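Reviewing the structure listed below.
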Amino acid sequence: MTGQGHEAIVRTQVVVDAPIERAFTVFTEGIGTWFPPEYNLLAVPIAERVFEPRAGGDVYDRGVDGSICRWGRVLAYEPPHRVVFSWDINPRWQIETNRAKTSEVEVRFTPESATRTRVELEHRHIERHGEGWEQLRDAVRDEGGWPGALRKYAARLA
């Protein structure tokens, strides 16, 4: 993984025991089955986590009370090889409505065999978040960030 020092990018990867099509679908449409539920900006527990499978779609959580927290936008959707979504969460772990102050996450899926897929994640442009971006970068590159989330994703596919 990179992203050390002042670099505003985090990279991590995992190899999963799944064909590329399944790996892509579980990452996107199945995000609610692996993305840690404790990553929640709502005031109530999450009833549903949604990744709308199209460019222009949203990534959001729906609370048990019907409230919605939109925390990402699907910027590119190229099944089963690539997806890019925005990270609309600021360094204070609140929704960022200024799109100029959001980062983006690109995920690439590469088959290693008919039943194994390499999943490479790059969270970039973190400096766009402005003051405090370094803490956001450190949080998403830490075990509690993308590396741990991808391990949960891999376990879901195992």
Side-chain angles (χ1 to χ4, degrees), residues 1-16 23-24 26-78 81-109 118-157:
M1 180 169 23
T2 62
Q4 307 303 314
H6 297 290
E7 204 172 341
I9 190 167
V10 170
R11 290 184 185 97
T12 190
Q13 64 180 348
V14 67
V15 175
V16 297
F24 184 90
V26 169
F27 190 95
T28 56
E29 295 174 57
I31 194 169
T33 67
W34 64 269
F35 197 78
E38 60 271 20
Y39 300 173
N40 179 7
L41 300 180
L42 292 166
V44 298
I46 296 170
E48 177 185 32
R49 181 161 274 150
V50 178
F51 191 110
E52 295 179 334
R54 67 187 189 305
D58 288 320
V59 185
Y60 63 93
D61 299 331
R62 182 184 327 276
V64 294
D65 63 355
S67 59
I68 291 180
C69 176
R70 295 183 194 283
W71 55 270
R73 294 165 283 115
V74 181
L75 305 174
Y77 191 78
E78 302 166 8
H81 299 285
R82 177 177 176 261
V83 65
V84 182
F85 57 95
S86 65
W87 184 262
D88 299 351
I89 302 169
N90 69 31
R92 294 172 309 285
W93 301 103
Q94 300 167 333
I95 295 303
E96 178 59 66
T97 58
N98 181 347
R99 291 185 175 188
K101 296 182 101 178
T102 64
S103 54
E104 61 187 43
V105 178
E106 178 174 7
V107 187
R108 293 189 174 271
F109 301 80
R118 177 171 304 282
V119 181
E120 298 169 291
L121 182 143
E122 179 179 277
H123 191 153
R124 59 186 176 229
H125 306 304
I126 300 171
E127 78 285 353
R128 290 179 184 166
H129 290 280
E131 186 178 339
W133 73 265
E134 297 95 339
Q135 290 86 355
L136 178 60
R137 177 211 48 214
D138 294 349
V140 300
R141 79 174 174 199
D142 189 34
E143 178 57 30
W146 288 119
L150 285 187
R151 270 191 278 294
K152 291 178 190 245
Y153 164 71
R156 165 67 178 83
L157 287 165

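These numbers come from a predicted model, not from an experiment. All residue numbers in this chain count up from 1 along the given sequence.
The shortest heavy-atom contact between G132 and P91 is O-CB, 3.4 Å.
Residues W87 and H125 form no side-chain contact, since every pair of their non-hydrogen atoms from C-beta on lies 4.5 Å or further apart. Within the 4.5 Å cutoff, the side chain of R54 has no heavy atoms near those of the V74 side chain. Residues T33 and V26 form a side-chain contact, since some pair of their non-hydrogen atoms from C-beta on lies under 4.5 Å apart. The side-chain heavy atoms of I31 and Y153, taken from C-beta on, include no pair separated by under 4.5 Å. Between F109 and V83, the closest side-chain pair of non-hydrogen atoms falls below 4.5 Å. Side-chain contact check for V14 versus R151: every heavy-atom pair is 4.5 Å or farther apart.
Contact check on E106 versus R108 returns a salt bridge, with a Lys/Arg side-chain nitrogen under 4.0 Å from an Asp/Glu carboxylate oxygen.
Using cut-offs of 30° and 60° for the angle between ring planes, the H123 and W146 rings count as perpendicular. In this pair, F85 and F27 present their aromatic rings tilted. The plane angle is within the 30 to 60° band.
When atom types are taken as modelled, the side chain of D138 and the backbone of D142 share no donor-acceptor pair closer than 3.5 angstrom.
When the shell of 6.0 Å around CD of E131 is examined, it contains 12 or fewer heavy atoms from other residues, nucleotides or ligands.
When the side chain to side chain contact (heavy atoms under 4.5 Å, CB included) test is applied to L75, the partners found at least two apart in sequence or on another chain are R73, V84, S86, E104.
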